There are 2 protein chains.
Amino acid sequence: MPPHRARRIPEATVARLPVYLQILVEQTELGVESISSDGLAELGGVNAAKVRKDLSYLGSYGTRGVGYEVDYLVYQIRRELGLDHDWPVVIVGAGNLGQALAGYGGFNDRGFPVAGIVDIDDAKVDTLVGGVRVRPMSELSQIVASRNVSIGVVATPPASAQDAADRLVKAGVTSILNFAPVLLSVPVGVTVRKVDMAVELQILSYHEQRRASAAAAGTGGQLHAVPDEGRRGVSA
Amino acid sequence: MPPHRARRIPEATVARLPVYLQILVEQTELGVESISSDGLAELGGVNAAKVRKDLSYLGSYGTRGVGYEVDYLVYQIRRELGLDHDWPVVIVGAGNLGQALAGYGGFNDRGFPVAGIVDIDDAKVDTLVGGVRVRPMSELSQIVASRNVSIGVVATPPASAQDAADRLVKAGVTSILNFAPVLLSVPVGVTVRKVDMAVELQILSYHEQRRASAAAAGTGGQLHAVPDEGRRGVSA
DNA sequence: GATCGCATGTGCACAGATTCACAAGCGGTG
DNA sequence: CACCGCTTGTGAATCTGTGCACATGCGATC
């Protein structure tokens, strides 16, 4: 077993590691072999101390006076995130969003090949989206079992989302990415993350609204606290 | 001016208000007229005290011993989030994702009509997606100006995302929802939110990974800290 | 091999968010 | 009109995350 397994990494850090990873991979492709916490912070739009603290949870993989070796860091982050192998995903719902997700190369490229896409509507079955043929809902379990899928994506209308989640769980999936604007109820031991685009827009709306009423109130000066860099707005 | 404007609402609360709003609107449709912090907490998957504190930032709109009047709360949250009027959005990029977003009814339904979708690739111009005709990039400014758009959505490949953002800003947009996996650099005063689906999957991967290695290490018992309810997993 | 510059790793103080626990106060009941 | 049950609203304690500031230690240079 590796030196110190089982250290718990703060959620906030876990959420940033993929971002660092992305940047590091890009740097590798640009031929960069070494990077400092400052450099990484700049590219990631965060504070350098935060980068160092985040990376320190993985272990002491930097060299004082020098920086981090990009390749090695990529390897370590990948290992920590469990990205040293692919995680096939199954998509439930072949509507607009499901189709876009299946067709979106970004999944495949980043280690999440689409093992299958299923829909409860037989009219959609057998149509081809993003190189994957839509299968009937009845084949869900079989897809999960045969391709060893542990991550499911819910891309159904809100009303069917809970049903989709139930079927995924029954089929053996233990992590769910939910795009439907509803709270999924799942057994303990199953991880759910929710992405709700309307919520994101509403948060932006709040900031717009605020800006507008501040302007109306005649606030002459700075509309927002000035962040680190010159060019960079509120990241709300 | 209303009683106490200009109170600052914590970001964490702002991110939850849309969720409460969604639930409250559903409850209205079910004919529910009054709801307690407990009830709302249950439906939203959060702690009741948090609900009360969140709502208290809006003002004292509840009735002790009774709860909150659903209609009135909807009205207040809408007002606070700036959802008392529509916010037309413009989408840059008519690829898979852009098309799905344009076709996704959820935007329109929730106060964010698609004012236009533009693409830099002339081959895509004039095709019809989700009832909206794709326009050339050159018309971006005109769309923003004429429809009074302040929110832009970046749905381009990563390499073009910064360019898209620059054009949006130049056209007068002050909030951007970015789906490209890159850090956008924008002037101070422009708000950016990033949604990266691969990042979400990678976070799930981390939890899967953890589960797997915990199991391998022979952890007999509970895999995760038990959350509030029986049925409900890690919400990571 | 001693010295110096530089970037990491971390102790510490601060800020923000969450949760507890309870006083305040509304509405119904006798 | 006094009492009681119930739920809000909020002070205070706690937990989590952030960022500063500096000691630590590596590598290059002389």
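Here is the naming used below: chain letters follow the sequence lines, and residue numbers restart at 1 for every chain. Just so it is clear, the model here is predicted, and its values are computed rather than measured. Heavy atoms only: backbone and side chains are in, while hydrogens, waters and symmetry mates are out.
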May I have the distance from Asp38(B) (atom CG) to dC20(C) (atom P), rounded to whole angstrom? 12 Å
Distance check: side-chain N/O of Asn47(A) vs OP1/OP2 of dC20(D), anything under 4.0 Å? yes
To the nearest angstrom, the NZ-C1' distance between Lys50(A) and dA21(D) comes to 17 Å
Looking for any heavy atom pair under 4.0 Å, which part of the strands does Ala12(B) touch: base, sugar-phosphate only, or nothing? sugar-phosphate
Any side-chain N or O of Tyr68(B) under 4.0 Å from OP1/OP2 of dG9(D)? yes
Separation of dT8(D) P from Leu58(B) CG (nearest whole Å): 14 Å
Show, in sequence, the C-alpha distance, side-chain angles and deciding distance for Val192(B) and Leu177(B), and conclude whether the side-chain contact (heavy atoms from CB on, under 4.5 Å) test is met. CA-CA 6 Å; Val192(B) 176; Leu177(B) 184 56; over 6 Å; no
For Glu69(A) and dA7(C), what is the distance between atoms CD and C1' respectively, to the nearest whole Å? 16 Å
Classify every nucleotide of nucleotides 22-30 of chain D by which part a protein heavy atom approaches to under 4.0 Å, writing B for the base, S for the sugar-phosphate alone and - for neither, in 5'-to-3' order. --BBBS---
Taken to the nearest whole Å, CG/Leu55(B) to C1'/dT19(C) is 16 Å
Residue-phosphate contact under 4.0 Å: Ser36(B) side-chain N/O, dT7(D) OP1/OP2: no
Is there a donor and acceptor pair closer than 3.5 Å between the side chain of Lys53(A) and the base of dT10(C)? no
Scanning both residues in full, the closest heavy-atom pair of Val144(B) with Ala171(B) reads CG1-O, 3.3 Å
Which atom names give the shortest non-hydrogen contact between Arg211(A) and Ser175(B), and what distance separates them? NH2-OG, 3.3 Å
Axis-to-axis angle for the helix from dG1(C)-dC30(D) to dG30(C)-dC1(D), ends of five pairs each, to 10°, equals 0°
N/O donor-acceptor pair under 3.5 Å between Asn47(B) side chain and Ala49(B) backbone: yes
Euclidean distance, atom CD1 of residue Ile35(B) to atom C1' of dT8(D) [Å, nearest integer]: 14 Å
Student check: side-chain heavy atoms of Val199(B) and Gln22(A) closer than 4.5 Å: no
For Tyr61(B) and dC26(C), give me the distance from atom OH to atom C1', rounded to whole Å. 19 Å
Side-chain (Trp87(B)) to main-chain (Glu208(A)) donor-acceptor, under 3.5 angstrom: no
If you measure from OG1 on Thr156(B) to CG on Leu97(B), what distance do you get to the nearest 0.5 Å? 9.5 Å
Separation of Leu73(B) atom CG from dT8(D) atom P, in whole Å? 11 Å
Flag side-chain contact, heavy atom, 4.5 Å: Leu24(A) against Tyr68(A): no
Does a side-chain heavy-atom distance below 4.5 Å link Val90(A) with Leu168(A)? yes
